[in-house]
Amino acid sequence: MNYRTLGRTGIQAGEIGIGCEGFLEKSEETVKQFIDLMEEAGANCIDLYSPNPDMRSALGKALRGRREKFVLEGHLCAVWKDGQYKRTRDIAEVKEGFEDQLKRLGVGITVMKAFGGGDLLSEELSPAGKALTPYQCLHYALSRPGVACVMAGARSTDDLKRSLAYEEASDEEKDYAEAFAAFPKISWKGHCMYCGHCAPCPKGIDVASVTKFLNLVRAQGEIPETVREHYAVLPHTASECVRCGACEKRCPFQVPVMKNMEEAADVFGR
């Protein structure tokens with residue numbers, strides 16, 4: 001693993017880190033497997049966008065006895081309220097969320113969607129109309145001024161292994177210049193990044209998850225059994241959307257959320 005100095009902190013950050021979205025709904029043992037793999041590879045940066053208390057507790061347990069080996073990056077204004085993610089500037093809520101994070105992780109506290117929420121790896125979903133490789137995405141991100149570490153999304157240990165393999169990739173494999181030169185004009189408008197900024201939904205719908213499941217169906221041309229089952233256990237589904245439009249006002253990418261909810265309700269039948 002190659003290391004870079006994190007800003008003016010003096011902290012040495014491994015070039016390849018991990019975003020914690022893939023830890024959600026994972027068992028404590030699975031989260032530990034992620035951390036074991038990171039430690040083995042010398043990766044030490046973890047981005048904690050999600051305030052989910054179960055995820056925080058599982059990660060805190062996985063870090064016991066080796067906390068000093070990892071750099072954790074927290075999001076102060078992301079809190080857990082009424083069973084879902086919420087953005088807030090209410091200082092009391094921010095303080096409560098921050099203290100919960102410290103307690104569950106055993107930390108004192110510092111991103112980037114290098115794969116564009118996964119879309120950049122798919123020719124069909126990429127806003128550029130062409131797919132990039134994970135190595136190209138990571139190298140582009142690490143080439144930006146001031147960047148010390150990329151928090152690569154990983155929903156499985158295989159995903160993490162692919163990102164960590166960047167450290168052994170050749171210059172030719174990392175090179176993105178030729179691919180970028182062939183790209184038409186890029187626009188993220190209308191492309192969901194699953195960032196959760198649309199929350200909270202007044203009906204409790206996990207808009208990011210519903211949209212992700214819908215996009216997986218679109219990409220595969222059918223409803224995979226795993227996607228169907230994941231959708232089925234959502235406490236609130238797309239059919240509950242009341243078209244209030246609050247989510248679309250918050251979305252930084254102008255995603256047609258209400259239209260997506262209508263399509264998802266039709267595709268999944270609820």
Side-chain angles (χ1 to χ4, degrees), residues 2 14-24 34 37 41 43 45 47 49 111-145 147 149-197 207-228 230-231 251-257 259-260 263-264 267:
N2 292 315
E15 287 185 330
I16 306 299
I18 188 172
C20 70
E21 184 178 6
F23 293 171
L24 295 174
F34 276 98
L37 181 57
C45 286
D47 176 60
Y49 100 89
V111 155
M112 182 176 288
K113 281 188 174 288
F115 305 139
D119 287 1
L120 288 176
L121 304 178
S122 165
E123 182 172 342
E124 182 177 351
L125 298 177
S126 172
K130 294 187 178 182
L132 288 171
T133 68
Y135 296 158
Q136 289 171 328
C137 292
L138 291 168
H139 195 57
Y140 175 78
L142 288 166
S143 299
R144 300 308 90 198
V147 173
C149 175
V150 175
M151 306 299 184
R155 295 184 179 277
S156 69
T157 53
D158 284 341
D159 286 346
L160 179 55
K161 288 177 181 177
R162 277 192 289 271
S163 293
L164 292 171
Y166 167 86
E167 294 296 297
E168 305 299 327
S170 66
D171 290 341
E172 290 75 17
E173 290 175 306
K174 296 176 181 178
D175 183 45
Y176 55 80
E178 185 175 345
F180 273 26
F183 276 4
K185 183 178 180 180
I186 297 177
S187 172
W188 290 109
K189 182 178 179 180
H191 286 263
C192 181
M193 303 294 287
Y194 320 118
C195 63
H197 286 118
V207 173
S209 289
V210 171
T211 306
K212 179 65 173 179
F213 297 149
L214 176 62
N215 283 341
L216 286 170
V217 172
R218 288 168 171 167
Q220 299 189 38
E222 61 180 3
I223 306 178
E225 183 178 354
T226 53
V227 174
R228 186 191 301 278
H230 280 303
Y231 186 88
C251 178
F253 301 104
Q254 300 178 49
V255 173
V257 178
K259 180 180 178 182
N260 285 346
E263 182 179 350
V267 166

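Every heavy atom of this structure was used, including side-chain atoms; hydrogens, water molecules and symmetry mates were not.
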query = Can you tell me how far CG of D171 sits from NZ of K174, rounded to the nearest 0.5 angstrom?
reply = 6.0 Å
key: Nearest heavy atoms of G153 and F115, plus distance in Å   = O-CE1, 4.1 Å
task = Please check if the side chain of Q136 supplies one atom and the backbone of D175 the other of a donor-acceptor pair under 3.5 Å.
result = yes
Aromatic ring pairing F213/Y231, orientation class (parallel under 30°, perpendicular over 60°, tilted between) = perpendicular
note = Minimal heavy-atom distance between I16 and E167, with the atoms involved, is CG1-OE2, 3.6 Å
Value rounded to 0.5 Å, distance of OH in Y135 from OG in S163 = 9.0 Å
query = Can you name the closest pair of heavy atoms from E263 and R218 and give their distance?
reply = OE1-NH2, 2.6 Å
query = Would D159 and R162 count as a side-chain contact (heavy atoms from CB on, under 4.5 Å) if you check the C-alpha gap in whole Å, the side-chain angles of each, and the deciding distance to 0.1 Å?
reply = CA-CA 5 Å; D159 286 346; R162 277 192 289 271; 2.4 Å; yes
ask   = Can you name the closest pair of heavy atoms from L132 and L121 and give their distance?
value = O-CD2, 3.4 Å
ask   = Say you draw a straight line from NE2 of H139 to OG1 of T133; how long is it, rounded to the nearest 0.5 Å?
value = 10.5 Å
key: Exercise: identify the closest heavy-atom pair between I223 and V267   = CD1-O, 3.5 Å
query = Can you tell me how far SG of C149 sits from CG of N2, rounded to the nearest 0.5 angstrom?
reply = 12.0 Å
request  = Over all heavy atoms of both residues, which pair between A114 and L120 is shortest? Give the atoms and the distance, please.
outcome  = O-CD1, 3.6 Å
key: side-chain contact (heavy atoms from CB on, under 4.5 Å) assessment of L164 paired with L37   = CA-CA 9 Å; L164 292 171; L37 181 57; 4.0 Å; yes
query = To the nearest 0.5 Å, what is the distance between CG (L214) and CG (N260)?
reply = 5.5 Å
request  = Apply the test side-chain contact (heavy atoms from CB on, under 4.5 Å) to residues C192 and K212: give CA-CA distance (whole Å), side-chain angles for both, the deciding distance (0.1 Å), then the verdict.
outcome  = CA-CA 8 Å; C192 181; K212 179 65 173 179; over 6 Å; no
request  = Kindly compute the distance separating SG (C137) from OH (Y166), expressed to the nearest 0.5 Å.
outcome  = 11.5 Å
